[in-house]
Amino acid sequence: MDAILSLEGVGKIFPGAVALSDVSLSIARGETHIILGENGAGKSTLIKLLAGIYQPDSGAIAFNGQPYQPKTPHDAQQSGIRIVHQELNLLPYLSIAENLMLESLPRRAFGVVDRKALNSRAVALLEEVGLDIDPRTRVEALGVAQMQLVEIAKALSYDSKLLVLDEPTATLTPPEIERLFSIIKRLKARGVTIIYISHRLHEVFEIGNRVTVLRNGRLVATRDLEGLAVPDLVRMMIGRDIADEYGFDARVVPGKVALSVANLKRDASTPDISFAVRHGEILGVAGLVGSGRTEAMRALFGADPKLDGVVEIDGKPVAIAAPKDAVRHGLSLLTEDRKGQGLLLDMAVDKNITITDLSKVSRNGLLNRRAEAAAANDLVGQLRVKASSIEQAVRNLSGGNQQKVVLAKWLFRGTSTLILDEPTRGVDIGARREIYQLLWMLAAQQKGIIMVSSDLPELMGMCHRIIVFSKNRIVGEVPRSDFDQERILSLAYQEYVRP
Amino acid sequence: MSETTVSAPVSPGRAKFLRFLVRDAGVLLALVLITLFFSVTAPYFATSGNALKIFVQIAINTVLAAGMTFVILTGGIDLSVGSVLALCTVVGATVMIDENLSPAVAITLALLACMATGAVCGFLNGWISTRWKIPSFIVTLGMLNMAAGAARVVSDNSTITGLPQSFVDFGNLIIGGFLPSIFLVAVLVIAAGWFVLRFTVFGRMIFAVGTNDEAVRLSGHNPDFYKVAAFTISGLTAGIAAMVYLLRLNIGSPIAGVGYELNAIAAVIIGGTSLIGGKGSIIGTLVGACILQVLSTGLQLLGVGDNFKPIVIGLVIVLAVILDAYRERLLRKIR
Ligand SMILES: Nc1ncnc2c1ncn2[C@@H]1O[C@H](COP(=O)(O)OP(=O)(O)OP(=O)(O)O)[C@@H](O)[C@H]1O
Ligand SMILES: [Mg+2]
């Protein structure tokens, strides 16, 4: 085998965690290599070693037959390695185009940026990933999935020998994924080697040649994907089978309407929308990237201003001008952007969890640290958050574990209606199962749950009903008995194909 | 959690200790080293008289810096505290010299007037900057000028003297022969700040707002409330610092406090509070104030001229910020 990259006994230790130990692996030139493993297994750490963000504590890496010891991300780029990291790293106040070409902005005389060239090149790159947005838009205005596409486009803007994608599809919907896969196939035909990480096990068969599974920082096995099926991968990852992933609970029967939204209008240019969720119901919200699902939820929650609309909780109209009103009326919103809007990255796990309701762990304004630790430990145990302790800074958790902390903080608040925007983004299959069970428990307690997800099988597995967004409009509602991937997707496309 | 936790090469307890060493003990160690250095090299430095002098001299800055710590923790800055202090001294002194009042009543009223004046200025800083989303740097720069002007108006541009004798005596009091009364005031303010930041819900929210105010907002809180509160506290401590000023110098002066805001900010930063907010400690601020004063006094005793002193102190401030960046990197590795 002609190995483009080989790792010999690589190890990486953090205070509180052995992220990688004795990992030996070689990646063949031109292959697409899948890396799988539970949350915190060490996948991203491995990638960060290749990126020059961390240096290994032991072992050696060779790239193209030469010893490879990148000290900075710049070194990695110089060697021809391009990486799309799991966490988004765009500059929010710059335009999409500037972000795309930050490392080599097209210039005219005297170092003035050539805006025309910049924007026209950006348009071409965005077209390739299927993002139809003015490249002069500031990145802060984008949704997480759109940012993800910009990151991918950015990696594509340079020729590379090795392209690494760390959970690129966590927030993407089927059409974007399809597009990404056709890009991957094209690159592969050109001889580019690809390392691909994902928790969506079904998708890896379409592009992957071989798969490596990590568990607790150790390498479990490297295999040819041919001949394997999803259950095999699950067993390699978590050492047991998962029979019924979603565990749809037929005993949970939706009751009276918990939350209803009538004629919600975000601004003058968007259509108004109406929908409702019942007590004990899991309502799915489907749509393509940028179809206005997140924006609608944010407006409902008071996170963004809204022009018009009536929100009723248990039949009573409520005024929601800011998130604090929503929370007071018993709503929770788990935001899709955990890094920017969900977490206090530099604060500890426990403090992140209790922030939604400090009155539960305090008396007369004085914190009860012991009660706080107990409550946090409880949730950390329930969701199996992998952290060295509840005092670990959330920044140092793996992506999937950060996601569990965001979920934990709203579970701690325990409100009556939950709006969950991509609740299982980047969460491994074992932990997903736990989260689904938890949601069923909440539904059984007659809470209303709105689940926005780009993972269509997840929505179809979990929901009583799915409403579909297309270009900011709710174009349809599909009851469970009629669930069908094609049907939901064609609804999601509806407004985009119409002349 | 236990079953999924990776066996730890550094136990959480030890990580906590390391964290303490890097975060808090670092500045303390610096203070001890600087003090030792001057004790050996500078004549008269290691005398009880000099120690007392240092305690007296740091009182005002410590009180100002205590409030400043709240503001900087939320990610803001308060440039107005020096001239707010000036305004408060003339307001306080004017109340105190009112002949129709008994000294006890006059002093109490003066204290309340100082705190109220300071708090109102601070509230305005916070309210204006959050209401119109203007950087606090600009708003407090405006307040710096307005308060200075107001101080001249109130005092008719003259110093106010003739404070009650009992007040002056209290200012000169040295409790037990080693604890100057005004230093005690400063320590009490620090203790109160420490308690609030560490043990109360309010203190937790101050840190959270400085870490990520958008996440705080979406968690169902109003971050602006805490920002305004932090500025109000800073104004309040400027009022208290004005009383300390009156105790120490016995005059209300419209030109008091020039440049004090920079010393206060320096103490906070040297003490390890991050200028971007969310990280820091008020005990560090106390240590930072001590470092500044020990340096200043020590250099003077060494015979370093008044022209060179600011250069050295300036260097130390820059050094502190560099160390802070380095410390952040270390801390990330430890947590
Ligand atoms: N800077 C750090 N300091 C301390 N521990 C860290 C740090 N970075 C990662 N870890 C720990 O190393 C382990 C591996 O993390 P890593 O991010 O590689 O997981 P992952 O396999 O990418 O997981 P996920 O699927 O959730 O993204 C985790 O236990 C994590 O908490
Ligand atoms: Mg990861």
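In the text below, chain A, chain B and the rest are named by the order of the sequence lines, each starting its count at 1. Since this is a predicted model, take the numbers as computed values, not measurements.
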Checking A:Ala303 against chain B: side chain, backbone, both or neither under 4.5 Å from a heavy atom?
-> both

Per-residue contact mode, B:Phe207 against chain A (heavy atom under 4.5 angstrom) = both

Which bit of A:Leu345 comes within less than 4.5 Å of chain B, counting heavy atoms only: side chain, backbone, both or neither?
-> backbone

Partner chain A: residue of B:Arg204, B:His221, B:Arg198 with the largest heavy-atom pair count (under 4.5 Å) | B:Arg204

Structural part of A:Ile355 lying under 4.5 Å from a heavy atom of chain B | both

At a heavy-atom separation under 4.5 Å, does A:Thr356 approach chain B through its side chain, its backbone, both, or neither?
-> both

Give, as side chain, backbone, both or neither, the part of A:Lys409 having an atom under 4.5 angstrom from any heavy atom of chain B.
-> side chain

Worked verdict on A:Leu344 versus B:Val216 for side chain to side chain contact (heavy atoms under 4.5 Å, CB included) | CA-CA 8 Å; A:Leu344 307 165; B:Val216 168; 4.1 Å; yes

Please look at A:Arg338 and chain B and tell me whether the side chain, the backbone, both or neither of the residue comes under 4.5 angstrom of a heavy atom of that chain.
-> neither

Considering residues, nucleotides and ligands other than A:Arg215, do more than 12 of their heavy atoms fall under 6.0 Å from its CZ?
-> yes

Spatial distance of atom CG (A:Asp346) from atom CG (B:Asn212) [nearest 0.5 Å] | 10.0 Å

Which answer fits A:Ser359, side chain, backbone, both or neither, if we ask what part of it has an atom under 4.5 Å from a heavy atom of chain B?
-> neither

Which answer fits A:Arg413, side chain, backbone, both or neither, if we ask what part of it has an atom under 4.5 Å from a heavy atom of chain B?
-> neither

